[in-house]
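Below is one structure, written out as C-alpha cells; comments come after it.
Side chains are part of it too, since the values below use all heavy atoms of this structure and drop only hydrogens, waters and symmetry mates.
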Protein chains: 2
Amino acid sequence: MRYPASHKTTTRERILDEAGQLAKERGFATTGVDALMAAAGLTAGAFYAHFASKSELLSALVERELKRSQRMFAVDSDAALEAAIGAYLSPQHVERPRKGCPLPTLSSEVARADDTVRSTYARGLAEVVQQLAQRAGSEEKAWPMVAQAVGAVTLARALPAGRARKTLLDSVRDQVIAALRQPEGETAPPTSPSRPGRASPRKPSRLRSHPNS
Amino acid sequence: MRYPASHKTTTRERILDEAGQLAKERGFATTGVDALMAAAGLTAGAFYAHFASKSELLSALVERELKRSQRMFAVDSDAALEAAIGAYLSPQHVERPRKGCPLPTLSSEVARADDTVRSTYARGLAEVVQQLAQRAGSEEKAWPMVAQAVGAVTLARALPAGRARKTLLDSVRDQVIAALRQPEGETAPPTSPSRPGRASPRKPSRLRSHPNS
DNA sequence: GTCTATAGCAAGATAGAC
DNA sequence: GTCTATCTTGCTATAGAC
C-alpha cells in the first residue's frame, strides 16, 4: 500500500482508486458508472454524491493517476531511473494495465474529452516531463523518452504475447536507456543489438516492479 | 483519391473507408453501428449483410488501415522517409485523426478486442515494422521509431493545442530523424536543441502531408 | 450518503417487407 | 442488399425512501 496502513481511505478516494483501476483495464468510456461504483462496493446512485458527472470523474482520475506516475519517476539516481524505465517497459506492466501508468490507457480517452479534462491532463503530464527533464538534461530529451515508453506499452498491449512484443519492449528499453546515458548535446547510441538481455547496466540496478501498490 | 477516379468503389469498400474515418475520430467501441453505417450513407440493418459482427468490422478495418500506413512509408530514399516522418509528426496529422494512422487511435481498442482482431493487427504491424527496418537497418532500430511516433501522436492529441504539444512533436521528430541518420551499430545524436525549426535536412526534403487522400 | 427504481436514450443484433 | 421495426441490454442521470 502506498499510504500508512493506519490510513482509513475516504469513500471518494476508494472510488478513485477502484474506478481508476477498472477504467485503465476496460477503458473509461466503455465502462459504465454502475460497474465503476460496483468496483468500490457501491451502487450507481451514490456516484452523484461524489461527482457531478462522469466526465468530472475522469478529470479527478487523470489528476490522481498522473501524480502517482510522477512519484514513480521521482528518483535520486540514474540507476534508479533506469530501473523505473525497465519496469515501465516490462511484460508485467504490459499485462497489468490496472496497476499501471494512465498514459497508454487514458490518453486516447482524454483526446475525446472536454476542455476541463484536457487541462488537467496537460498540467499533470507537464509535471511528469519536467521532472524527467531534470535527470535527462532537457525537455527536448524528456519528451521523446516519454513518447517512446507510452507508445511501446500501447503497441505491446495490442500485440499478442510473443516474439514481436518482446522485441519491441527490449529494443525500446535499450534505446531509451542509451539516450539517457548520452552526454548532454549529443545523442544516444542504441547499444548493441539487444538480445534477450537488457541494456548492460553500469551498476547491477535491481529491477523494481512498476505497478503501484 | 488513392484509386483511379474511374474506380467505382463497392459498398463494402465504402463502408470500410467511411467507418474507418469515423472510428479513428470518435473511437471504435464508442461509435455505434448506426453511426458507422450512416457515414457510408446506409442504415444499421444493412450492416450485417457485409459483416458478421462489429468485431469483424474492426478486424477488416485494422487490416485495411495498416496496409495504407505501410504504403505511406514505402519510400525509395532517405529523404522521402524523413519527409514521411515529418508529416506523421505534424500538427496536421494530430488534428485530423480521420485521415491519419490507425495506430494511435485503434491500438487501445485492439488491446481489448478478441484474438482474431489482435492477430490481424499483429500481422499488419509486423509488415510496417519490417518494411521500416529495411531503411532503418534493423528491427531493433525500427521498433523504437514506431513506438516514439505513435506515442507522440497519442500524447499530442490529448494535449490542448499549445506550446507543450509543439515541443513534444518537434523534439520527437528531431530525435527520430537523428536516430535514422545514425550509422549502423551506433546510436543517433539528438541534433542540437530543436527550436521552432526542423532537423536540419541533408536535402531540403519537401514536406508531404501525411493524411491520405 | 447510499439505496432502489426509473426516466430517456442508444447500443448490438435480428426479422421480415420490398 | 437495403430498408424499417423491434428485441434486449446497457448507458447517464435523477427522484425519493431511509
For atom [atom1] of [X] and atom [atom2] of [N], their distance in whole Å:
X	N	atom1	atom2	result
A:Arg26	D:dC11	CZ	C1'	14 Å
B:Ile15	D:dT2	CD1	P	7 Å
B:Lys54	C:dA13	NZ	P	8 Å
B:Phe47	D:dT4	CZ	P	17 Å
A:Leu22	D:dC11	CG	P	11 Å

Strictly distance-based, threshold 3.5 Å: is any side-chain N or O of B:Ser59 a donor or acceptor partner for the main-chain N or O of B:Ser55?
no
5'-most by nearest nucleotide on DNA chain D - A:Asp34 or A:Ala52:
A:Asp34
Ignoring the backbone of [X], work out which of [options] is nearest its side chain.
X	options	result
A:Ala46	D:dT2, C:dT14, C:dC3	C:dC3
B:Leu42	C:dC3, D:dC3, D:dT12	D:dC3
B:His50	C:dG12, D:dT2, D:dT14	D:dT2

Look at A:Thr11 and C:dG1 and indicate whether a side-chain polar atom (N or O) is within less than 4.0 Å of OP1 or OP2.
no
So does A:Thr43 get a side-chain nitrogen or oxygen closer than 4.0 Å to the phosphate oxygens (OP1/OP2) of C:dC3?
yes
Within the structure shown, what part of the strands sits under 4.0 Å from A:Gly45 by heavy-atom distance: base, sugar-phosphate, or nothing?
base
Would you check if there is a donor-acceptor pair between the side chains of B:Ser108 and A:Ser108 at a distance under 3.5 Å?
yes
For B:Ala84 versus B:Phe73, what's the shortest heavy-atom pair and its separation?
CB-CE2, 3.8 Å
Can the positive tip of B:Lys54 be found less than 6.0 Å from the middle of the six-membered ring of B:Phe47, inside 45° of the ring normal?
no
